[in-house]
Visitor: 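What follows is a single structure, and I will ask about it in a moment.
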Amino acid sequence: MSSTIRTTQFSILDRSRTREGHPGAAALRDTVDLARRAERLGYHRFWVSEHHSVPGVAGSAPTVLAAAVASATSAIRVGTGGVMLPNHRPLVVAEQFGVLESLFPGRIDMGLGRSVGFTDGIRRALGTEKDATEDFGDRLAELLGYFAGTQTAHPQVHARPAEGLTVPAFVLATGAGAQVAAAAGLALVIGDLRGRQKMLDAIDAYRDAFRPSGLWERPYVVISGTVAVAGTTEQARRLLLPEARSLAYSRTHGVFPPLRPAEDGPAAGAAMSERERGFYEDAQRGHVYGTEEQVAEELGTLIGRSGADEVLVTTSSYDRPALVESFERLARVAGLTARE
């Protein structure tokens, strides 16, 4: 086992992906169940995501789901990957995380993203626009100011019970967002693993520009991506096929559908246009997958090149037992210590 893996934290981000033939409520219960398993396996954090009006994702209210996860666990850190700040007022976000931190002290993480709804209709329903990402830095400063009691955007307004509490903050980013994280002195969560050189360049720029803050004294880098581990390379690759098919469909039909079994893919004769097949094949590239030995070697190299402090795994698949087994195998690869 690589020494770099043994000194690196491993965490899970679950997107509450829906599966064909299963109601959305089942996806949310699967998320909570996976969090319990992740805690027993020794993972460091368990995060949930925010998506709106997406048929393939049940996780639309991350702070609500984070509360459910925190209630069902006792030791693992719980957070969001992330709350999309352009969709919300900073005061409300501060209040929500203030409540979470008050109920589950010392276990809550505040992961924040810059994305907006992916269609005009969703953005209108959220009360935002495509250019809402441009003032992300100002919204972030306002949000952090509510915790510190120093915000000036709205004089005499205080976030209760957030004011005075310390909640670690992370910025989910690519290139531009990495600079915002550095300027604010926050931790950086960056992916995906398919564009590795671009990711490494953004990490270097983040470290060079980082300014220490009251939340983070030094740069903290979390690399995020898909990791699948199985008994054979082919079994691990099959875990990735349902998500690849769903992504390809979304790129060509404008709808992100629930996951279907791997055997329902192109190899089984499912109809797929040439353009869709191109997206399907592209969606399978750049991930980390294979046997425990293969994944250990690749992750060790990636962690060594990036100097990452933590790996946040975002794997989704139709086959839940195989997915759970993948996380169990990854825990062995990472040398995690199981909790009783």
Visitor: Quick one: side chain to side chain donor-acceptor pair (under 3.5 Å) partners of D14, sequence neighbours excluded?
Guide: T31

Visitor: Please walk me through it: do D120 and R123 pass salt bridge (charged side-chain N to carboxylate O under 4.0 Å, His left out)?
Guide: CA-CA 5 Å; D120 289 338; R123 288 190 289 271; 2.3 Å; yes

Visitor: Going by an N to O cut-off under 4.0 Å, is there a salt bridge joining E243 and R15?
Guide: yes

Visitor: Excluding sequence neighbours, so at least two apart, what forms side-chain contact (heavy atoms from CB on, under 4.5 Å) with P55?
Guide: V255

Visitor: Not counting sequence neighbours, which residues clear side-chain contact (heavy atoms from CB on, under 4.5 Å) with S246? List them please.
Guide: R17, F256, P257, L259

Visitor: Residues two or more places apart in sequence or in another chain: which of them pass side-chain contact (heavy atoms from CB on, under 4.5 Å) with E234?
Guide: T232, R237, R238

Visitor: Is the shortest distance from a Lys or Arg side-chain nitrogen in E39 or R339 to a carboxylate oxygen in the other one below 4.0 Å?
Guide: no

Visitor: Report the residues that fulfil side chain to side chain donor-acceptor pair (under 3.5 Å) with R37, sequence neighbours left out, ordered by chain and then residue number.
Guide: D33

Visitor: With a 3.5 Å cut-off and no angle check, do the side chains of E50 and H52 form a donor-acceptor pair?
Guide: yes

Visitor: Indicate yes or no for a side-chain donor-acceptor contact from T80 to the backbone of G111 under 3.5 Å, with no hydrogens or angles considered.
Guide: yes

Visitor: For residues 59-71, tabulate all N or O donor-acceptor pairs below 3.5 Å that involve a side-chain atom, not counting sequence neighbours.
Guide:
from: T63; atom 1: OG1; to: Q96; atom 2: OE1; distance (Å): 3.4
from: S71; atom 1: OG; to: A67; atom 2: O; distance (Å): 2.9

Visitor: Which residues pass the ring-ring contact (aromatic ring centres under 6.0 Å, His included) test with H253, not counting sequence neighbours?
Guide: Y249

Visitor: With sequence neighbours left out, what residues match E298 under side chain to side chain donor-acceptor pair (under 3.5 Å)?
Guide: R196

Visitor: Going by distance alone, is a donor N or O of one side chain under 3.5 Å from an acceptor N or O of the other, for E310 and T8?
Guide: no

Visitor: Just by distance, no angles: are the side chains of R107 and S74 close enough, under 3.5 Å, to form a donor-acceptor pair?
Guide: no

Visitor: Sequence neighbours left out, what pairs pass ring pair (Phe, Tyr, Trp, His ring centres under 6.0 Å) with at least one residue falling in residues 201-244?
Guide: F170-W216, Y206-F210, W216-Y220

Visitor: Could you work out, with side-chain contact (heavy atoms from CB on, under 4.5 Å) as the rule, every residue matching A125, not counting sequence neighbours?
Guide: none

Visitor: Report the residues that fulfil ring-ring contact (aromatic ring centres under 6.0 Å, His included) with F327, sequence neighbours left out, ordered by chain and then residue number.
Guide: none

Visitor: Which residues pass the ring-ring contact (aromatic ring centres under 6.0 Å, His included) test with Y289, sequence neighbours left out?
Guide: none

